[in-house]
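Below: the structure, in structure tokens.
So that the names make sense, note that chain A is the first sequence line, chain B the second, and so on, each numbered from 1. Quick note: numbers below take in every heavy atom, side chains included, and nothing from hydrogens, waters or symmetry partners.
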Amino acid sequence: MPGSVCTKDIQKNINGSISTASSSPAITLTELQPLMANPDLPPKCENSQEDKREVDTVQQRSSNVRACRTRFLKAISYFSGDMKVFGKWMEKQFFLLKLLDWVLRGAAQVMFVNNPLSGLIIFAGLILQNYWWALNGFVGTLFATISALILQQNRGSIAAGLYGYNGILVGLLMAVFSHKGDWYWWLLLPNIFMSMMCPIVSSAIASINSRWDLPVFTLPFNILVCLHMAATGHYNHYFPQILFQPRSELANITWAEIDVAKLFMSVPVGVGQVYGCDNPWTGGIFIISLFISSPITCAHAVLGSAVGMVSGLALAAPFGDIYFGLWGYNCVLACIAVGGMFYALTWQVHLLAITCAFFCAYLGSAIANIMSTFGLPSCTWPFCLSAITFLLLTTETKKIYKLPLAKVNYPEKNLAYFWKMKKQEKMEKAEKERKENKEQRKALEEAVPINAGFVGVWSGSPPRPLARQRPRRLKIRRSRASSGTEPAGVTRLPTL
Amino acid sequence: MPGSVCTKDIQKNINGSISTASSSPAITLTELQPLMANPDLPPKCENSQEDKREVDTVQQRSSNVRACRTRFLKAISYFSGDMKVFGKWMEKQFFLLKLLDWVLRGAAQVMFVNNPLSGLIIFAGLILQNYWWALNGFVGTLFATISALILQQNRGSIAAGLYGYNGILVGLLMAVFSHKGDWYWWLLLPNIFMSMMCPIVSSAIASINSRWDLPVFTLPFNILVCLHMAATGHYNHYFPQILFQPRSELANITWAEIDVAKLFMSVPVGVGQVYGCDNPWTGGIFIISLFISSPITCAHAVLGSAVGMVSGLALAAPFGDIYFGLWGYNCVLACIAVGGMFYALTWQVHLLAITCAFFCAYLGSAIANIMSTFGLPSCTWPFCLSAITFLLLTTETKKIYKLPLAKVNYPEKNLAYFWKMKKQEKMEKAEKERKENKEQRKALEEAVPINAGFVGVWSGSPPRPLARQRPRRLKIRRSRASSGTEPAGVTRLPTL
Amino acid sequence: MPGSVCTKDIQKNINGSISTASSSPAITLTELQPLMANPDLPPKCENSQEDKREVDTVQQRSSNVRACRTRFLKAISYFSGDMKVFGKWMEKQFFLLKLLDWVLRGAAQVMFVNNPLSGLIIFAGLILQNYWWALNGFVGTLFATISALILQQNRGSIAAGLYGYNGILVGLLMAVFSHKGDWYWWLLLPNIFMSMMCPIVSSAIASINSRWDLPVFTLPFNILVCLHMAATGHYNHYFPQILFQPRSELANITWAEIDVAKLFMSVPVGVGQVYGCDNPWTGGIFIISLFISSPITCAHAVLGSAVGMVSGLALAAPFGDIYFGLWGYNCVLACIAVGGMFYALTWQVHLLAITCAFFCAYLGSAIANIMSTFGLPSCTWPFCLSAITFLLLTTETKKIYKLPLAKVNYPEKNLAYFWKMKKQEKMEKAEKERKENKEQRKALEEAVPINAGFVGVWSGSPPRPLARQRPRRLKIRRSRASSGTEPAGVTRLPTL
């Protein structure tokens, strides 16, 4: 659809009046749209075509369909993306409700999702997995958020759940790795202490990472859980941990014994293992929660998990580990982080995200082996380190664009921001060239008889300055269309 | 006592002449006083009250007492704090004497104390513990300082002992962890080499840490001692180390067997373990040496050691380790560092220091377990890492004020600096408000008959502008009094 | 030779005309000479002495010799140093040839040598050692360079081989440490993957290190090889690694059994171990390849290896390890890096380089012991860490001058840069002083009768301002002569 508008646009430009400025309001409006950048471009474009006087009925009907669709998308935008409208409404509510919102957003932020609905669904998944774990996760998120409030951390960050996600992981994983089993209530004490340390460690790491415009990822969680586990260890009276031991013999790998069903199931299990859950249904629920907020995130999560599984097979990992999702969860996070979250999604970035997932799987195996020497699990260290490595990468190509940390949102919005920026750049260039063209044309008009000039335009053989102008314009549109494969998918999405 | 002066001050101000400038010299003078900020405020205040012509005998007597006390405090200031006067006098002495001063200050700088007398007492404590260790410590400090001179490091830092404290720890701990026992003279060779590496490693770490305005702490010591121990290890012909092994079974903890006397003794032992000493008397001597220089430091040292002991009990540590002070020494250092040394001491910072001590104890256990895998002790890694974490913390509250590294002194002086800064801020605000008041009063005086205005002042119901002014002034004083709980204790201290 | 010119220079200056500018073109020309700074100073000086009309035949003959020598040095300059002329010529060749140049330069860059001829000789050495290893090394360099091209890294860095040297090490060492033996073709898969990750990791580390103006050294290699080895480990079906185990008993060291021939041979073996080669002939070939490019580098390489050997003996290392060159290779690299590569070579820096080599040997033993706990080799971590430590060092002396990273070349050129800078500084000072002198002389001339002034000049007792001038000038020359011990050796070198 946008394509038709574009060609019209071009023709209009060629016809005489030079008004690329007409598309700039449309562009500025796109970023105001919560989730999709393109869908309502057509109606806005029409508004700018106020000089069009004859509207046939066919077009009117199609515009009705469009209006319906716009309304439908608007409805979706209320609970997809980062639920900005809901967040604003929440600001006026009383404290406990706000706190709940922050806790839910915190639960979802583990997957870089700033959406309370996703958080709610994730808690549902956790409850499906294990009541005790879910409780610990909730306590962790709650106390991490409270601690951030006490320490007077940035309110915006707290409201986005950025102080909660380490808390939920600390709470969950301390319960998962406890050797005392479920409902050992004393565990809540170190749980609360470690959760409350989260904002301190987060703030400290942010002081360092901000120098390179890097986020803290789940480093505070990794540090604090490893801290708790190393401090107590397997041989402790009060808080014994599950025993991790380094591999000391060849694993038994018989390709004939491979269970393909389990292998496929390992993809959702890998997503579930981000929260330490091995239930494939829980993993499935997590995938849905991601899909609600951001389909790009969801796609990369599944892709990452699959890459992890393949890597496990390639590096001769025991099948049990692969089925259990241990090869997937780091790749899930790494693939999400690189694939659209901190980079603007282009196909080069997409390939980079897949490379990062492979690297992360490799690193995951290495770190798991090293940490097992200390009787520790690998947590999400592999994800953190591989994502940091790939975010520190600098290249001379413009196709790999790392967003400034302050501008990072969810992938769809990041893309919109990237396109807007790119178009502004091109617009400026075009403006410049047009001015030159104008001058050139003036010179031409003075030299060439007027009729000859018009004939040239209509017969497809325009005077040289215009000929130079056309391919450039076409290129602009085409570039949007080519890099727009992803948003096209996004546009189709709500109609599914 | 300052309270009386203050109220007088206020009344004077109310009586008519507005001259808050009278208190500003007093404030600027406070920071010139070596240790205490308040004690000699009264005499200075009196000087500024030159318009007072009638002095009754009672007041004269009390002023005599004050003068005595001032002289006494002045005497104390010569050997408390950082002994600035002594340091200046030293500058003119010949080289070997200066070097001795630097070595003694270096010995005390382990505890953040820049005081040669404390250093001397610490060496006395070390000799009480073990002659050989004391000798190694001395050699370490000496060669570290000499190496810094050769490498042309900053003279001010050398004179403050900042290049010596890693040397003393390197020397001491290499002797403590040597498996060859005392008086193995060959040990002096690696001792000297490692001590001379201290300034290089210090300088390198400072290059990194200075980006975040962080001190180097005892990181060079940790790196170099771990380096030496890992390079040689337990199975070495020339420099074998004591064997450290990871825990591989449950410790036997029977609460009935607990020895409360030893548990209490573990507090001074914990202080002594900062220098690797397990003799409680040595620990006691160290506490005294801290008290001489800075009572706040001393209090936090004891508090930290106690927190470490409690943490040990909470995490089911073997009682032997707790008695031996292994849970205390890191907390001692962490609690000193956060509690008044690098932060200006407020009660929020005091709580933060205690939190840091708990975190440090947790971290200490974790690092000890991890390092034992390599056959290494935990040294003071836990202190360094926890202190760095807590110093990197950023908050939006003004109550937690981190001093710029260049302004760090001993806690009492830091406090004086913090108050001065705060008062200057308030003064500026007050100045602004007073100007507004003046204008308002002028407006009032023009409106209200003059007599009515005076009556209002004396009858306690002043015209509105003055009423607004009074509470503000009182608040200034009160704020000094409220946040002055610590210096009040400091003031009382010399009279003990 | 330069000495005679200098004294003449001085006399000329004294004679009346003040023209130190005459020496400045000579200085600027020195840096244009590829390898040597001094040799062609005399002829250039003569050119500037155009006012000299009588040239005796003796001097002419010596100038012929000089011309010959200059031509000879020019010929040498074509294949020594960084072969700039060749590099420029290469730019116009077709892609595959360029790629080969980059790969060869990459092979030599492990030793900080940017010279394709050295790279070629190094590959010859590798082939002498083991065909399979050489192949893997080539594949590694090739794919690392290709990956850098794909990722659009800086072209200049690629052309200097800075993206290849980690690749060759990754390729080589993965082959060396593989437990499957030679010609296990599957190994090429992880080899290619890890090589292609090199530019990513390099770029990431550069982002961090550039903040302190530090190079990335071989950190990417260390990270990636440890990653591969830790991920697979000894107990792996597809890519098993050689088993590394921590020492658990006293090594058998009998001084009577020492083999002095092997001990001396360990010096070239140590150089060879930089590329994982234990063949002394290979090591010897590597030494030659270093000599071609930069004699200073070569000397420090041999020195470093010797220091490593001595350290091994001092720390009671098993003789087998020392013979095998395991104590040498890190010291070789550390000694090269500090001794002239990143610091301008003065004798203080030379001592620092030796200290660094000792420190590196110590660190090497420590890291080897720690890494063996994880079943990993120490790779070149000790070199990286010790070199970084010594490069972060800051002192207040000007004798230890760290070159800005952008100005780093090979040691001889670095020296030329350093001298030029130093001379410019002095020149500016001299200029300033001369101006003062002029004014002073003017004042003198006005006061003293003219004849008296001239007599003073010729009799060796000039008026005071000139007397002050002379020692300064002499000092300039002397300082060049004293710090020129190294280039003097360099000058003699091609005539050997």
*When only pairs under 4.5 Å are counted, which of Ala251(A), Pro246(A), Gly364(A) shares the most heavy-atom pairs with chain C?*
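Top option by heavy-atom pairs under 4.5 Å: Ala251(A).
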
_If you count heavy-atom pairs within less than 4.5 Å of chain C, which of Leu315(A), Thr355(A), Leu391(A), Ile367(A) leads?_
Leu315(A)

_Which one wins on heavy-atom pair count under 4.5 Å against chain A: His237(C), Met196(C), His228(C)?_
His237(C)

To check you understand the geometry: which heavy-atom pair defines the closest contact between [X] and [Y], and what is its length?
X: Gln153(C); Y: Glu396(A); result: O-OE1, 4.1 Å
X: Ile208(C); Y: Trp212(A); result: CA-NE1, 3.5 Å
X: Tyr238(C); Y: Leu313(A); result: CE1-O, 3.4 Å
X: Leu376(C); Y: Ile370(A); result: CD1-CD1, 4.4 Å

*Short question: side chain of Ser203(C), backbone of Leu393(A) - any donor-acceptor pair under 3.5 Å?*
no

*Arg247(A) side chain to Gly233(C) main-chain N or O, any donor-acceptor pair under 3.5 Å?*
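A pair under 3.5 Å: no.
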
*asked:* Tell me whether Trp186(C) at atom CH2 has more than 12 heavy atoms from other residues, nucleotides or ligands lying less than 6.0 Å away.
replied: no

_Could you check whether atom NZ of Lys262(A) has more than 12 heavy atoms from other residues, nucleotides or ligands sitting under 6.0 Å from it?_
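No, the 6.0 Å shell around NZ holds no more than 12 heavy atoms from other groups.
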
Could you tell me which portion of [X] (side chain, backbone, both or neither) has an atom closer than 4.5 angstrom to a non-hydrogen atom of chain A?
X: Pro190(C); value: both
X: Met194(C); value: side chain
X: His234(C); value: neither

[X] [atom1] to [Y] [atom2] distance, which is reported to the nearest 0.5 Å:
X: Ile205(C); Y: Leu392(A); atom1: CD1; atom2: CG; answer: 9.5 Å
X: Leu151(C); Y: Gln348(A); atom1: CG; atom2: CD; answer: 11.0 Å
X: Leu363(A); Y: Leu224(C); atom1: CG; atom2: CG; answer: 9.5 Å

So do the side chains of [X] and [Y] get within less than 4.5 Å of each other, counting heavy atoms only?
X: Met197(C); Y: Tyr362(A); value: no
X: Phe374(C); Y: Asn369(A); value: no
X: Ser207(C); Y: Thr394(A); value: yes

*Give, as side chain, backbone, both or neither, the part of Thr373(A) having an atom under 4.5 angstrom from any heavy atom of chain C.*
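When you check distances to chain C, only side chain atoms of Thr373(A) fall under 4.5 Å.
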
*asked:* What part of Ala314(A) gets within 4.5 angstrom of chain C, counting heavy atoms only: side chain, backbone, both, or neither?
replied: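 Contact with chain C involves the backbone of Ala314(A) alone.
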
